[in-house]
Amino acid sequence: MTGFVDTDQLVSWGRVLRARHDLARPAFLDELPALLHAGAASTGKVLAGGLRRSYGDSCLNADGALIDVSALDRFIAFDPATRLLTAEAGVSLAQVLAFAIPRGLFLPVTPGTKFVTLGGAVANDVHGKNHHGAGTFGRWVRALTLLRSDGSHRELTPEDESGLFAATIGGLGLTGVIATVTVELQPISSSQMATETISFANLGEFFRLARDSDAAHAYSVAWIDCLASGGDLGRGLLTLADHAAEGPLEVAGRQGPSIPFDFPEIALNRYSIAAFNRLYHYAGAAKAGRRVVSYDPYFYPLDAIRNWNRLYGRRGMYQYQSLVPPEAAPEATREMLRTIARAGTGSFLAVLKTFGAVASPGLLSFPREGTTLALDFPNRGPETLALLSRLDAIVREAKGRLYPAKDGRLPPDLFHAGYPAAERFAQHVDPGISSSFWRRMQS
């Protein structure tokens, strides 16, 4: 197939799923139509991908064609008056920050890694620590261009009445190949963040703090000790932040060290994770208070270590990110933490965050008002899958949902229950495009 090479090396960030693909890496936008046509005609299914930071199978197209757009990384236009930046879909958020910060601008919404492409940020409608005020990334997309397998070239804006814009925001790349994105940037006075860390003793205290802090601060997120139990269940550290009122406009330096090999599985066990969590909570509580830090360690702490996913060993990891509505959040979150603590296979990267009522624009956008819990679990085979199934039951009972970008084993029934707009979304899926995730959901 012209422009494609056979490869069996493609993996998602969780490193549990590995699949053979016909892979193409275009260097210019004008190569996309021919590749899209060739991929769809040859394999019957093609998908566009970027830096593959999705943990599950939404960024994979096993035994099909994948168009890697990460080399399509050019800026096209910028208007200082409106703060609108137009760029190719392969531009990373790190590149946007390097362009924006010296100009006194910042991303309106950013996930926990800056190594995500603009196309990926749109396709997953990513969220960040400021969801309660800013909503999702898709709310700040002012235009995008979409190539379809029938050869059409669509210019889409939020005013689109066909529904294709809403389907593309959070649409997991299934509505076509996103070629360019126009996003509105946010003004800042400094690249530094004024932060405050508060230690909380249990889950009830977290919910009380979250109610008060979200209205007072632009950003908030909590780390929790997911192996604590009894009266300490849900203890953790809440970090609040705002952009500093004054200070330098400096782009963060280069990445730090890389993990050169897969850690042995024995390194991450219930005892090492429990010890880490106790020490982390103790150290964080001891340093609680106000500090001014660079944006980079606040928004992207894990980006400081390249290939950090190797910490979970050769078999990889599952990330589990749930969202439950406000009325069910306290009890459902408590029951999930009890279940994890009893299993003894917790995570040292457990994040708890409340989402606000700001509506997401996409039909399949994950965020809505409620509480989200995100955890990483080393892949221990049936033992881990059984734990995740128990968590599924809690989320299902609470009428919640899971994040497709994070989950490579999301059950189809839970997906359809959590995303009632999925049937409407399916009407906009490009017939020449598919993914491993979408085929599972339709099975």
Side-chain angles (χ1 to χ4, degrees), residues 112 129 131-132 196-214 220-240 268-288 301 317-355 369-378 380 383-403 406-407 414:
K129 299 175 176 68
H131 181 272
H132 55 279
E196 180 180 7
T197 299
I198 303 170
S199 174
F200 54 90
N202 52 52
L203 194 61
E205 192 173 335
F206 162 78
F207 280 107
R208 289 192 295 273
L209 285 169
R211 281 194 298 269
D212 297 335
S213 61
D214 280 357
S220 71
V221 68
W223 169 88
I224 58 167
D225 180 354
C226 65
L227 289 182
S229 58
D232 294 330
L233 184 78
R235 69 181 177 187
L237 304 166
L238 176 66
T239 304
L240 312 171
L268 286 182
N269 55 62
R270 65 184 303 167
Y271 304 107
S272 63
I273 294 174
F276 173 89
N277 282 359
R278 284 194 298 270
L279 288 171
Y280 190 87
H281 183 258
Y282 177 80
K287 295 189 297 184
M317 63 172 164
Y318 289 99
Q319 178 157 119
Y320 192 90
Q321 184 163 6
S322 62
L323 170 64
V324 290
E327 61 276 11
E331 184 50 40
T333 306
R334 186 173 289 108
E335 188 55 34
M336 281 191 281
L337 291 176
R338 286 195 194 108
T339 301
I340 293 164
R342 283 195 296 265
T345 57
S347 165
F348 57 76
L349 298 172
V351 173
L352 191 61
K353 163 77 181 154
T354 53
F355 284 159
E369 188 176 11
T371 298
T372 182
L373 175 65
L375 312 101
D376 293 338
F377 295 102
R380 301 287 186 260
E383 172 190 345
T384 305
L385 293 174
L387 169 61
L388 300 183
S389 292
R390 293 195 293 274
L391 298 178
D392 288 345
I394 299 168
V395 174
R396 187 181 288 108
E397 177 69 21
K399 296 181 170 52
R401 57 173 59 162
L402 302 183
Y403 194 8
K406 299 288 183 72
D407 200 313
L414 185 54

Sequence neighbours left out, cut at 3.5 Å: what donor-acceptor pairs do the side chains of residues 326-334 make with other protein atoms?
residue	atom	partner	partner atom	Å
T333	OG1	A329	O	2.7
R334	NH1	P330	O	3.4

Worksheet entry | Audit row: V395, M336, side-chain contact (heavy atoms from CB on, under 4.5 Å) steps and yes/no | CA-CA 9 Å; V395 174; M336 281 191 281; 4.0 Å; yes
Item to complete: Could you point out which residue of K406, Q321, Q319 forms a side-chain contact (heavy atoms from CB on, under 4.5 Å) with D376?
Response: Q319
Response to the item:
Between I224 and the options L337, V351, L233, the side-chain contact (heavy atoms from CB on, under 4.5 Å) test singles out L337
Got a second to check how far [X]'s [atom1] is from [Y]'s [atom2], nearest 0.5 Å?
X: Y318; Y: L391; atom1: OH; atom2: CG; value: 13.5 Å
X: L352; Y: W223; atom1: CG; atom2: CH2; value: 12.0 Å
X: R235; Y: D225; atom1: CZ; atom2: CG; value: 4.5 Å
X: D214; Y: K129; atom1: CG; atom2: NZ; value: 13.5 Å
X: R401; Y: K399; atom1: CZ; atom2: NZ; value: 14.0 Å

Taking all non-hydrogen atoms of both residues, which atom of [X] and which atom of [Y] are closest, and how far apart?
X: A350; Y: C226; result: CB-CB, 4.2 Å
X: S220; Y: H132; result: OG-CE1, 3.8 Å
X: S213; Y: L238; result: OG-CD2, 3.9 Å

Worksheet item: Where do R342 and T339 land on the side-chain contact (heavy atoms from CB on, under 4.5 Å) test, with the steps shown first?
Response: CA-CA 5 Å; R342 283 195 296 265; T339 301; 3.6 Å; yes
Discussion item. Go through it in stages, so that I can follow the logic: the residues are Y320 and D392, the test is side-chain contact (heavy atoms from CB on, under 4.5 Å), and I'd like the CA-CA distance, side-chain angles, deciding distance and then a yes or no.
Written reply: CA-CA 10 Å; Y320 192 90; D392 288 345; 2.8 Å; yes
Sequence neighbours left out, cut at 3.5 Å: what donor-acceptor pairs do the side chains of residues 197-212 make with other protein atoms?
residue	atom	partner	partner atom	Å
N202	OD1	G204	N	3.3
N202	OD1	E205	N	2.9
E205	OE1	A201	N	3.2

Discussion item. For a 4.5 angstrom cut-off between non-hydrogen side-chain atoms, does L414 reach L402?
Written reply: yes
Worksheet item: Backbone N or O of S322 within a donor-acceptor pair of the T372 side chain at under 3.5 Å?
Response: yes
